[in-house]
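This report concerns only the one structure given below.
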Amino acid sequence: MRTPLRPLARVLDAREKGEDPDMIEAHERALRNVKTQMKMRRRAESRLLILGIFFFASFMTVGIRMGTLSASEPSEPVSTASIPQIANQRADIVDRNGEVLATNLATTALYAQPPLMVDPVEAAKGLVSVFPDLDLERLTKDFTGKRKFLWIKKKISPEQQQAVHDLGEPGLLFGPREMRLYPNGRLAAHILGGASFGKEGVNAAEVIGVAGVERYFDETLRDPAREGQPLALSIDLTAQSAMREVLAGGMNLMGAKGAAAILMDIHTGEILSMASLPDFDPNNRPRVLTSGDQSDSPLFNRASQGVYELGSTFKIFAAGISLENGLANENTMIDTRGPLRWGKFRIRDFHNYGKELSVTDIIVKSSNIGTARMAMAAGTQAQQQMLQKLGFFDVATVELPETRNAKPLLPPRWSELSTMTISYGHGIAATPLHLAAAYAAMGNGGYKITPTLLKREGIPPNREQVISEETSAKLVKMLRAVVTRGTASFGEVKGYEVAGKTGSADKPKPGGGYYKKKVIATFASVFPASDPQYVMVVTLDEPSIKAHGEERRTAGWTVVPVAAELVARIMPVLGLRPNVASAGNLEYTASGN
């Protein structure tokens with residue numbers, strides 16, 4: 001209730017006393033003003049207190065945030081409102097010793113926004129002066145047309161970036177990139193495969209694998225849960241370098257159109273080095289052929305993709321079947337009189353070896369007739385079972401996606417003739433990787449191995465035994481005899497006791513039949529023979545060399561010397577010391593296939 005300014009009681013009392021009633025109103029008004037001012041003062045003080053608390057809290061928040069930032073690692077702030085998030089971190093790939101095979105490198109991308117350009121025509125001319133491979137007419141059309149955005153270069157060097165910057169064109173812009181770098185160039189190109197950009201934005205790009213282990217382990221390499229842990233491969237970079245150098249020299253010396261080599265641990269299946277020539281630089285990966293034979297492309301991996309008839313290297317399997325089934329021993333004599341007839345077909349030997357040879361000498365001299373008779377005595381079923389156990393019926397298991405189409409070629413109808421020809425490597429085609437895995441089983445005590453490009457710790461458990469250890473030891477002795485006194489005598493390396501088998505298979509024509517002067521020359525070996533540790537397969541495509549006045553194409557003259565040089569160069573790198581006691585005077589001869 002409001003208090004009246006002129007209370008009646010006080011007015012009447014004032015009049016009785018002769019006082020002025022107006023003074024009462026003035027007094028009441030003054031009291032009311034004082035109360036109003038006090039109320040307003042208290043309200044103002046409350047507001048100031050609240051405002052002070054707010055400012056105090058704000059400054060405390062800022063201070064705490066500044067303290068947190070000063071104690072943390074420095075980082076560049078990134079706005080996530082308009083920039084799509086692209087995963088661009090990819091783990092490194094290293095060899096078995098930790099040497100870098102593939103890593104990441106910060107670079108720059110160049111793109112254009114024509115609406116922002118001051119002089120599109122001059123901008124096009126300037127870009128062509130910096131990048132001569134660009135098409136001036138095309139650029140000018142794009143810059144002066146309706147396009148609002150276009151990529152110019154996905155990767156440019158700092159020097160090129162500065163040159164573009166000096167053009168002074170605001171419509172030419174740069175975006176950060178993280179590209180894949182292969183510091184060793186062509187080394188292990190077919191193993192690594194290569195990478196490219198996937199999802200792209202102006203501020204980031206996704207790096208994805210396109211071939212090789214980069215593609216096979218793409219998700220693993222991009223997995224943030226790995227926290228940058230590198231992928232360790234089984235290959236040895238130094239051994240890989242030596243293999244490529246020797247193989248390239250041998251290919252040129254022998255006039256071959258291509259070459260391949262595989263070196264593998266005979267017990268673990270780890271591929272220590274693998275090369276295919278011609279090769280490529282994964283930093284500048286060539287395009288896939290759109291016509292012609294894909295095997296002519298440098299992208300083609302002859303070691304794991306090339307499906308070839310591998311010739312007489314298969315003869316050791318026929319011997320293994322006979323020994324394992326108790327049909328013969330290493331000294332059993334086999335009829336080698338020829339030609340061996342089957343219908344209208346004739347099987348002949350490279351030389352006339354007389355009426356009979358022992359099983360060991362059939363392998364040493366590489367007798368087609370003797371091998372075919374051993375295969376027929378064992379039977380088709382035994383041959384199929386052995387080859388299936390060795391992996392010749394399936395795609396080679398290795399961490400390369402390209403091998404999924406490299407399935408061995410088997411006869412549609414496995415006749416008696418097929419059994420005979422397959423025993424010496426004709427009528428069946430497989431990759432050198434298949435052959436390496438099979439020879440590992442022949443030389444490591446009879447255990448099947450699975451080739452791998454990943455570094456392993458120790459021998460895999462629960463290995464399947466294909467042949468007995470006794471049979472394996474006998475086969476290694478036969479293969480050793482091939483080098484000491486047979487068709488692979490150029491393969492002897494002092495102290496390393498190389499044991500192996502040559503193979504020279506005529507190349508098939510695309511329309512059927514075989515070329516008369518074109519062969520695939522192969523040498524498959526295990527060493528040292530006294531305690532096998534490694535298996536190596538070397539192949540040359542269409543080799544030919546002039547020796548002793550004649551043109552030589554067989555493996556004994558062409559691929560075997562290359563393999564010997566590979567052993568001599570790579571084994572010291574891997575720490576395998578030569579056995580001095582086994583090294584002696586050597587007499588080199590070469591004959592047959």
Side-chain angles (χ1 to χ4, degrees), residues 89-105 180-195 207-223 226-245 247 260-277 279-283 285 299 301-305 396-404 431-433 436-437 440 449-460 533-537 566 570-571 573-576:
Q89 183 62 40
R90 192 175 183 85
D92 290 349
I93 300 176
V94 299
D95 80 338
R96 65 187 302 106
N97 301 312
E99 297 293 333
V100 176
L101 300 174
T103 187
N104 305 312
L105 177 68
R180 201 63 163 165
L181 177 67
Y182 303 93
N184 303 295
R186 294 175 177 267
L187 277 185
H190 291 94
I191 295 174
L192 296 171
V207 180
I208 59 174
V210 296
V213 295
E214 287 276 30
R215 181 175 178 182
Y216 190 90
F217 294 106
D218 186 59
E219 292 186 4
T220 301
L221 292 168
R222 289 194 287 162
D223 186 0
R226 291 177 60 87
E227 298 181 347
Q229 181 182 359
L231 178 68
L233 299 186
S234 60
I235 67 170
D236 183 290
L237 184 61
T238 306
Q240 183 72 23
S241 176
M243 173 173 281
R244 185 187 181 279
E245 181 180 348
L247 194 63
I262 302 168
L263 176 66
M264 190 163 59
D265 188 300
I266 202 169
H267 298 291
T268 67
E270 292 173 290
I271 297 174
L272 302 172
S273 58
M274 179 169 67
S276 174
L277 296 175
D279 55 12
F280 62 97
D281 186 347
N283 293 300
R285 184 178 168 88
L299 297 175
N301 187 350
R302 295 171 180 269
S304 63
Q305 287 180 273
T397 303
V398 72
E399 299 86 357
L400 293 175
E402 297 83 10
T403 62
R404 63 180 179 270
T431 68
L433 186 59
I449 61 97
T450 301
T452 181
L453 285 166
L454 291 180
K455 185 178 179 180
R456 281 178 174 167
E457 298 296 337
I459 299 174
Q533 300 295 321
Y534 301 100
V535 59
M536 184 170 66
V537 173
L566 284 170
I570 296 177
M571 287 304 101
V573 169
L574 297 180
L576 182 63

If you take all heavy atoms of F280 and A189, which pair is closest and at what distance?
O-CB, 3.1 Å
Full working for side chain to side chain contact (heavy atoms under 4.5 Å, CB included) between L237 and N184
CA-CA 9 Å; L237 184 61; N184 303 295; 3.8 Å; yes
Once ring pair (Phe, Tyr, Trp, His ring centres under 6.0 Å) is applied, do any residues pair with Y216, and if so which ones, sequence neighbours excluded?
none
A239 to D236 - nearest heavy-atom pair and separation:
N-OD1, 3.0 Å
Please round to the nearest 0.5 Å and tell me the distance separating atom CG of L101 and atom CG of L231.
9.5 Å
Dump the intermediate steps for side chain to side chain contact (heavy atoms under 4.5 Å, CB included) on Y534 and L574, then the final yes or no.
CA-CA 11 Å; Y534 301 100; L574 297 180; 3.9 Å; yes
Side-chain donor-acceptor pair under 3.5 Å between D223 and T220, yes or no?
no
State, yes or no, whether a side-chain contact exists between H190 and R302 at a heavy-atom distance under 4.5 Å.
no
Supply the atom-to-atom distance E219 CD to R226 CZ, rounded to the nearest 0.5 angstrom.
12.5 Å
Side chain to side chain contact (heavy atoms under 4.5 Å, CB included) for M536 and L566? Distances and angles first, verdict last.
CA-CA 9 Å; M536 184 170 66; L566 284 170; 4.0 Å; yes
Can you tell me how far apart CG (D95) and CD1 (I235) are? Round to the nearest 0.5 Å.
6.5 Å
Where is the tightest heavy-atom contact between I262 and A436, given as atom of each residue plus distance?
CG2-CB, 4.4 Å
One should read off an interatomic distance between L263 CG and L272 CG, to the nearest 0.5 angstrom, of 5.0 Å
In Å, rounded to the nearest 0.5 Å, how long is the span from OG1 of T452 to CE of M264?
10.5 Å
Verdict with reasoning, L277 to R244, per side chain to side chain contact (heavy atoms under 4.5 Å, CB included):
CA-CA 8 Å; L277 296 175; R244 185 187 181 279; 4.2 Å; yes
Thinking salt bridges, do R90 and D218 make one under a 4.0 Å N-O criterion?
yes
Which heavy atom in P451 sits nearest to a heavy atom in L433, and how many Å separate them?
CB-CD1, 4.0 Å
Can you tell me how far the CD atom of E399 sits from the CD1 atom of I191, to the nearest 0.5 Å?
10.5 Å
State plainly whether the residues D281 and R186 are in salt-bridge range, i.e. N to O under 4.0 Å.
no
Would you call P230 and V94 a side-chain contact if the rule is heavy atoms closer than 4.5 Å?
yes
Is it true that E402 and R215 have a side-chain N and a carboxylate O under 4.0 angstrom from each other?
no
